[in-house]
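Below, chains carry the letters A, B, ... as their sequence lines are ordered, and counting in each starts from 1.
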2 protein chains.
Amino acid sequence: MDQVELFKALANKTRLQILTWLKSPEEHFPDYEPACGSTDVGVCVGYIQKKSGLTQSTISEYLSTLHRVGLVSATRVGQWTYYKRNEETIATLGSLIDTL
Amino acid sequence: MDQVELFKALANKTRLQILTWLKSPEEHFPDYEPACGSTDVGVCVGYIQKKSGLTQSTISEYLSTLHRVGLVSATRVGQWTYYKRNEETIATLGSLIDTL
DNA sequence: TTGGAATATCGGAAAAAGTCGATATATCTT
DNA sequence: AAGATATATCGACTTTTTCCGATATTCCAA
């Protein structure tokens, strides 16, 4: 786990927002439902993209950034990729701050 | 306290190192002493600069970045500016991670 | 008050990040 | 097999960050 890369990933307003949106999907994604949401695999790219107001390509890249540093997990199901918070990494981040 | 700015400040190898160096100055700065070190105001710019291997202007700017976001305090004494960790902000950062 | 030392600020070149539109890939449906 | 849909990747352009050298500022000492 590269500290600098982790902080870089967090040093962006939209990526931080995504992380908090994913904390309670039901609350942040109105039509969150089994079609492309629900269960516990996470939320698909399209929902996140619409909410962010940025383009599809940008959000896809942001999600891949968050995934690369381990802050979210990605699960492909059919044509959708569901992204979900990786609480383990986030917790590790907390203890990382302590060692700062 | 702007989260994004805080993470940006931490998203740099040298700035992270400075923060850990300042955690135990006696250990990281060989000739740390009253002349330009010691007491508890912190460590002067020159020491940090030499240890980092980067130029004076770069380190001065990095320290001002860390100061701007509140991660360190700065105390001018004569021709020296002493920088010291601001444990309060760092602790706040820890709880900020929890709210992530 | 002049020179030297420590730090800060300015201006710039190069690298990285932000963000887009266009296109490619994968998958589902019919 | 063809078209539609979701996501990923590519190329380009703009903005930001990194890091430097040169210069300015501040303060001390002779």
Rounded to the nearest angstrom, tell me the gap between atom [atom1] in [X] and atom [atom2] in [N].
X: B/Tyr47; N: C/dA5; atom1: OH; atom2: P; result: 16 Å
X: A/Leu63; N: C/dG18; atom1: CG; atom2: P; result: 14 Å
X: A/Tyr82; N: D/dA6; atom1: OH; atom2: P; result: 11 Å
X: A/Gln49; N: D/dT7; atom1: CD; atom2: C1'; result: 11 Å
X: B/Leu16; N: D/dT18; atom1: CG; atom2: P; result: 11 Å
X: B/Lys50; N: C/dT7; atom1: NZ; atom2: P; result: 9 Å
X: B/Glu61; N: D/dT18; atom1: CD; atom2: P; result: 9 Å
X: B/Gln17; N: D/dT18; atom1: CD; atom2: P; result: 14 Å

Counting distance only, does the side-chain N/O of [X] pair as donor-acceptor with the main-chain N or O of [Y] below 3.5 Å?
X: B/Arg76; Y: B/Gly78; value: yes
X: A/Lys51; Y: A/Phe29; value: no
X: A/Lys23; Y: B/Thr99; value: yes

Minimum-distance nucleotide (side-chain atoms of [X] versus [options]):
X: B/Thr58; options: C/dT7, D/dC20, D/dA8; value: D/dC20
X: B/Tyr83; options: C/dC20, D/dT18, C/dA8; value: C/dA8
X: A/Tyr62; options: C/dT19, D/dT16, D/dC19; value: C/dT19
X: A/Thr55; options: D/dT17, C/dA6, C/dG21; value: C/dG21

Is there a donor and acceptor pair, one atom on the side chain of [X] and one on the base of [N], closer than 3.5 Å?
X: A/Gln56; N: D/dA6; answer: no
X: A/Gln79; N: D/dT7; answer: no
X: B/Ser57; N: D/dG21; answer: yes

[N] phosphate, OP1 or OP2: any side-chain N/O from [X] under 4.0 angstrom?
X: B/Arg15; N: D/dT18; value: yes
X: B/Thr81; N: C/dA8; value: yes
X: A/Asn12; N: C/dA17; value: no

Closest-nucleotide ordering on DNA chain C, the 5'-leading residue of A/Gly53 and A/Lys8: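 By nearest-heavy-atom nucleotide position, the 5'-most residue is A/Lys8.
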When the ring planes of B/Phe7 and A/Phe7 are compared, do they come out parallel, tilted or perpendicular, using 30° and 60° as the limits?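 The rings of B/Phe7 and A/Phe7 lie parallel, inter-plane angle below 30°.
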Can you label the angle between the A/Trp21 ring and the A/His28 ring as parallel, tilted or perpendicular, going by 30° and 60°?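 A/Trp21 and A/His28: tilted rings.
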